[in-house]
Amino acid sequence: MLSGYATVRGTRPPGGGEVAKKRSALSFERSLEEFEKLVERMEQGELSLEESLKAYERGTQLSRACQAALDKAEQRIQILTENDGKLAAEAIDGDEP
């Protein structure tokens, strides 16, 4: 374990890292796809005011989720870069390297 890189969320069950990574990547892809579809619908200008507000609210949620996933990925890359490309024993948020 590298000092200074502690798990933020706590421990996970053994073997959960790969499933969590796949779910996170899939979640990012789905969120981005849903966000793009929402933008297309809003750009068409055929939504009512209420529908537009709901779409905007959902789009904001999706945008934040995607940005958080990208920020997390960037942190992991920085950790690897700082360690000369060697995998860290423990990565941010407890993700397996």
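Quantities reported herein were computed from a predicted structural model and do not represent experimental measurements.
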Checklist entry - Once you round to the nearest 0.5 Å, how far does CZ of R30 lie from CG of L62? => result 13.0 Å

Checklist entry - If we ignore angles and hydrogens, is there a donor and acceptor under 3.5 Å between the side chains of R58 and Q61? => result yes

Checklist outcome for this item: Sorted by chain and number, sequence neighbours left out, salt bridge (Lys or Arg N to Asp or Glu O under 4.0 Å) with K37 holds for E33

Checklist outcome for this item: In short, S52 meets M42 closest at the heavy-atom pair O-CE, 3.9 Å

Next on the checklist: A side-chain contact here means heavy atoms from C-beta on lying under 4.5 Å apart; do F35 and S63 qualify?
Outcome noted: yes

Item to check | Distance in Å, E34 CD paired with L32 CG, rounded so as to fall on 0.5 Å steps | outcome: 10.5 Å

Item to check | Approximate separation, where rounding is to 0.5 Å, of K54 NZ and E57 CD | outcome: 9.0 Å

Checklist entry - Do L38 and Y56 have side-chain heavy atoms sitting under 4.5 Å apart? => result no

Checklist entry - Within the distance-only criterion (no hydrogens, no angle test), does the side chain of E51 pair as donor or acceptor with the backbone N or O of S48 below 3.5 angstrom? => result yes

Checklist entry - Would D71 and Q75 count as having a side-chain donor-acceptor pair, cut-off 3.5 Å? => result no

